Amino acid sequence: MFAAALAAGTALAATCVAAQDYPAQPITIVVPFSAGGPTDTVTRLVAQAMSEDLGQQVVVQNVGGAGGTLGAGQVAAAANDGYTLLLHHIGMSTAPALYQSLPFDPQTDFAPIGLVTNVPMTIVARRDFEPETMADLITHIQENGENITYANAGIGAASQLCGLLLMDALDTRMTEVPYQGTGPAMTDLLGGQIDMMCDQTTNTTSQILAGEIKAYAVTTPERVAALPDVPTAAEGGLENFELAIWHGLYAPAGTDPAIVERLTTSLQAALANETVAQSFADLGTYPVPADQATPDALAQTLAAQTELWAEVIAAAGVSAQ
Ligand code: ASP
């Protein structure tokens with residue numbers, strides 16, 4: 001018994017030392033989508049500011065595929081030493097209802113660190129797509145349905161959910177083309193190989209402002225400051241079409257609470273960083289307030305959203321293997 005107590009004491013002491021010295025090596029944040037896309041853009045800005053705060057490099061690793069579930073699964077299975085984290089969005093709350101065999105549980109296999117941002121979506125198309133306004137687009141989709149190609153980042157990605165809501169609202173189907181992230185999908189939209197996409201402002205604002213793609217609507221109740229000329233979906237004739245994509249930062253479950261606390265403080269510092277705030281605003285989004293960048297706020301959002309999306313997804317009858 002004495003030996004067991006001694007071993008437990010030694011292990012505890014080792015953990016405390018690890019937490020005290022943390023971070024003693026570079027930290028990796030896994031983005032479960034391709035480089036150059038909206039989740040990647042948000043993460044790189046936050047990672048840079050966190051690395052300044054932590055005095056250690058914070059490296060971004062892109063692990064795209066299966067609507068974000070591959071990357072999330074990789075972090076769920078990673079060592080819970082605070083050196084492998086995940087930055088994922090709303091897809092954490094939709095995956096349990098969408099994927100029949102999900103190799104992780106978003107609510108029990110992760111230690112939440114905090115919410116990061118809520119990003120509006122934009123309904124966009126290649127520059128020479130015929131419809132000029134949201135009203136034209138609605139008619140065009142209703143008349144052409146599956147002849148229209150629609151890019152997304154796989155089942156459970158924000159781009160897929162937005163398309164799903166759009167198709168349901170118009171009671172029609174388009175042809176969905178999945179990518180590992182909407183970064184590469186944007187390249188095809190710019191090249192005219194694909195017709196449409198619904199994606200976050202963090203991936204579309206600069207192309208919209210440069211006139212390289214057409215924007216029909218934003219999915220928030222108010223217009224987005226960075227895109228003052230783009231109407232809301234409601235202004236464009238699509239009532240009750242609202243979607244903002246929340247993002248959270250997670251560590252694997254069982255991470256030392258002292259390490260989680262240090263990461264939460266660092267996330268809050270990153271979100272208060274002026275460069276981050278300005279870059280977010282230029283991209284049509286804002287950091288969450290400090291009281292939302294907390295483990296409790298993220299855990300509550302994840303639980304509430306998981307319940308909400310389970311109903312929406314069951315009603316829509318969508319699923320993946
Ligand atoms: N977040 C995007 C989506 O859900 C994908 C990406 O970041 O590339 O569609």
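Since this is a predicted model, take the numbers as computed values, not measurements. Each ligand, and each atom within it, is numbered from 1 in the order the structure gives. Values below: all heavy atoms of this structure, side chains included; hydrogens, waters and symmetry mates excluded.
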Numbered atoms of ligand 1 (with element) below 4.0 Å of [X], judged on heavy atoms:
{"X": "Pro38", "value": "1 (N), 2 (C), 6 (C), 7 (O), 8 (O)"}
{"X": "Gly181", "value": "8 (O)"}
{"X": "Ser159", "value": "3 (C), 4 (O), 9 (O)"}
{"X": "Ala157", "value": "3 (C), 4 (O), 9 (O)"}
{"X": "Ala158", "value": "3 (C), 4 (O), 9 (O)"}
{"X": "Thr182", "value": "2 (C), 5 (C), 6 (C), 8 (O), 9 (O)"}

* Between Gln180 and ligand 1, is there a nitrogen or oxygen pair with a distance under 3.5 Å? ->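 Looking only at distances, the answer is no, because the N/O contact criterion of under 3.5 Å is not met.
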
* **Min heavy-atom dist Gln200 to ligand 1 below 4.0 Å** =>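 Right, Gln200 reaches ligand 1.
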
* Asked: ring pair (Phe, Tyr, Trp, His ring centres under 6.0 Å): which pairs involve residues 135-183, sequence neighbours left out?
  ->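 Pairs touching residues 135-183 that pass the test: Phe129-His140.
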
* Check each of Leu45, Val288, Val42 against Val116 using the side-chain contact (heavy atoms from CB on, under 4.5 Å) test, and report the only one that passes. => Val42

* Residue pair Asp40 / Thr43, side-chain donor-acceptor N/O under 3.5 Å -> no

* Worked check of side-chain hydrogen bond (donor to acceptor under 3.5 Å, both in side chains) between Thr149 and Asp195 -> CA-CA 5 Å; Thr149 50; Asp195 295 325; 3.2 Å; yes

* Asked: Among Thr204, Asn152, Thr182, which residue meets the side-chain hydrogen bond (donor to acceptor under 3.5 Å, both in side chains) test with Asp199?
  ->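 The passing option is Thr182.
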
When the side chains of residues 275-285 are checked against the rest of the protein, which donor-acceptor pairs come out under 3.5 Å, sequence neighbours left out?
from, atom 1, to, atom 2, distance (Å)
Thr275, OG1, Asn273, OD1, 3.4
Gln278, NE2, Asp282, OD1, 3.0
Ser279, OG, Thr275, O, 2.8
Thr285, OG1, Thr117, OG1, 2.8
Thr285, OG1, Asn118, O, 2.9

